[in-house]
Amino acid sequence: MVEVHKVSGAAFDGNVYLILDKKPILVDAGMMAGPTLKNIKKFIEPSKIEMIVLTHCHHDHSGAAPELLEATGARLLLSEKEEGAVGDDLASVAYLFGQQAPNYKVDETLKEGMVLDIGEWKLRVMETPGHSQGSLCLYEEKEKVLFSGDTVFPDGNIGRTDMYGGDTPELVKSIERLTKLDVQTMYPGHMEITSRDVNRQIQMSLRFAKSI
Ligand SMILES: [Zn+2]
């Protein structure tokens with residue numbers, strides 16, 4: 001039985017998820033390593049984590065990557081479209097948080113259709129640009145689970161498109177693709193995890209995105 005725990009602990013941080021499958025992984029890194037590591041240790045020894053998969057390069061999802069990589073020894077995976085954003089204050093929007101973008105090594109780049117086989121779960125990579133150029137979602141078909149990054153949030157919310165690399169028509173197209181999935185549980189990059197009529201929530205996100 002695969003478990004997912006939200007392990008980010010700091011307010012205003014991006015959500016960090018620990019997936020406990022045969023190969024434990026983190027989805028996103030957040031920007032505050034301390035509280036996140038403390039939460040990870042409630043479930044697992046950090047050195048057991050094999051991969052950190054970033055949904056996108058933004059600082060609130062990646063800022064703690066160097067510290068988490070050091071603590072875990074994991075490999076880091078990011079969209080091939082955002083490899084160049086690492087260490088870039090503008091592309092990573094680190095400036096919005098009054099910080100400088102840290103540098104870290106990308107071990108593997110991701111693109112549409114790749115599958116991360118972590119044991120019971122096979123996470124399919126979907127390229128969902130709009131909020132950022134290389135935003136990704138991860139979909140687990142058997143369990144109907146979606147890690148939606150900052151593309152869609154609960155209750156019809158959507159990722160903003162007014163930052164570097166943002167593009168509203170692209171976001172609409174990406175959300176249109178998400179409406180074709182059957183999603184039972186959504187793990188968004190911000191806000192709360194939801195299992196309540198998720199397909200309808202994504203439909204609402206699509207309507208909202210089309211209206212802006
Ligand atoms: Zn973002």
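Reckoned from all heavy atoms, side chains included, excluding hydrogens, waters and symmetry mates. Note that the coordinates shown come from a computational prediction; the quantities given were computed from them, not determined experimentally.
- A salt bridge between D107 and K105 is present, with a side-chain N of the basic residue lying under 4.0 Å from a carboxylate O of the acidic one.
- The closest side-chain donor-acceptor pair between T185 and S195 falls under 3.5 angstrom.
- Applying the side chain to side chain contact (heavy atoms under 4.5 Å, CB included) test to M114 and every residue at least two apart in sequence or in another chain returns E108, L110, K111, V125.
- For the atom pair OG of S135 and CD of E82, the computed distance is 5.5 Å after rounding to the nearest 0.5 Å.
- Q100 CD: 12 or fewer foreign heavy atoms inside a 6.0 Å radius.
- Side-chain N or O atoms of R177 include one that pairs as donor or acceptor with a backbone N or O of E127 at under 3.5 Å.
- Put simply, NZ on K6 and OH on Y187 are 12.0 Å apart, with the number rounded to the nearest 0.5 Å.
- A side chain to side chain contact (heavy atoms under 4.5 Å, CB included) with L26 holds for exactly one of L76, V7, V53; it is V7.
- In this structure, the side chain of K122 engages the main chain of G119 through a donor-acceptor pair within 3.5 Å.
- Between the side chain of S205 and the main chain of N157, a donor-acceptor pair closer than 3.5 Å is present.
- With sequence neighbours left out, the side chain to side chain contact (heavy atoms under 4.5 Å, CB included) criterion links E70 to no other residue.
- P154 is linked by a side chain to side chain contact (heavy atoms under 4.5 Å, CB included) to M186, P188, M191, T194, Q201, counting only residues two or more places apart in sequence or in another chain.
- Taking 4.0 Å as the cut-off between side-chain N and carboxylate O, E170 and K173 count as a salt-bridged pair.
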N/O donor-acceptor pairs under 3.5 Å from side chains in residues 88-97, not counting sequence neighbours:
{"from": "D88", "atom 1": "OD1", "to": "L90", "atom 2": "N", "distance (Å)": "2.8"}
{"from": "D88", "atom 1": "OD1", "to": "A91", "atom 2": "N", "distance (Å)": "3.1"}
{"from": "D89", "atom 1": "OD1", "to": "A101", "atom 2": "N", "distance (Å)": "2.7"}
{"from": "S92", "atom 1": "OG", "to": "D88", "atom 2": "O", "distance (Å)": "2.7"}
{"from": "S92", "atom 1": "OG", "to": "A94", "atom 2": "N", "distance (Å)": "3.3"}

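- Only one option out of H58, R160, H61 pairs with D150 in a side-chain hydrogen bond (donor to acceptor under 3.5 Å, both in side chains); it is H61.
- A donor-acceptor pair is defined here as one N or O able to donate and one able to accept, closer than 3.5 Å; such a pair exists between the side chain of Y139 and the backbone of D182.
- A donor-acceptor pair is defined here as one N or O able to donate and one able to accept, closer than 3.5 Å; such a pair exists between the side chain of S174 and the backbone of P129.
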Fill in: T151/T55 under side-chain contact (heavy atoms from CB on, under 4.5 Å): CA gap, chis, key distance, verdict
CA-CA 9 Å; T151 299; T55 60; over 6 Å; no
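- Results of the side-chain hydrogen bond (donor to acceptor under 3.5 Å, both in side chains) test with H190 over D60, D13, N15 single out D60 as the only residue that passes.
- By the 6.0 Å contact criterion, CZ on F43 is enclosed, its count of non-hydrogen atoms from other residues, nucleotides or ligands being greater than 12.
- Separation of atoms OG (S132) and CE (M163) is listed at 8.0 Å; rounding is to 0.5 Å.
- Under the 3.5 Å distance criterion, the side-chain polar atoms of E120 are matched with a main-chain donor or acceptor of M1.
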Worksheet item: Going through the distances and angles, do H5 and L20 end up as a side-chain contact (heavy atoms from CB on, under 4.5 Å)?
Response: CA-CA 8 Å; H5 299 282; L20 295 175; 3.9 Å; yes
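- Under the 3.5 Å distance criterion, the side-chain polar atoms of D28 are left unmatched by any main-chain donor or acceptor of V16.
- With sequence neighbours excluded, no residue forms a salt bridge (charged side-chain N to carboxylate O under 4.0 Å, His left out) with E3.
- The line from CH2 of W121 to CG of L138 is 10.5 Å long, rounded to the nearest 0.5 Å.
- Residues passing the side chain to side chain contact (heavy atoms under 4.5 Å, CB included) test with D197 are R200, sequence neighbours excluded.
- The line from CD1 of I44 to CG of N39 is 13.5 Å long, rounded to the nearest 0.5 Å.
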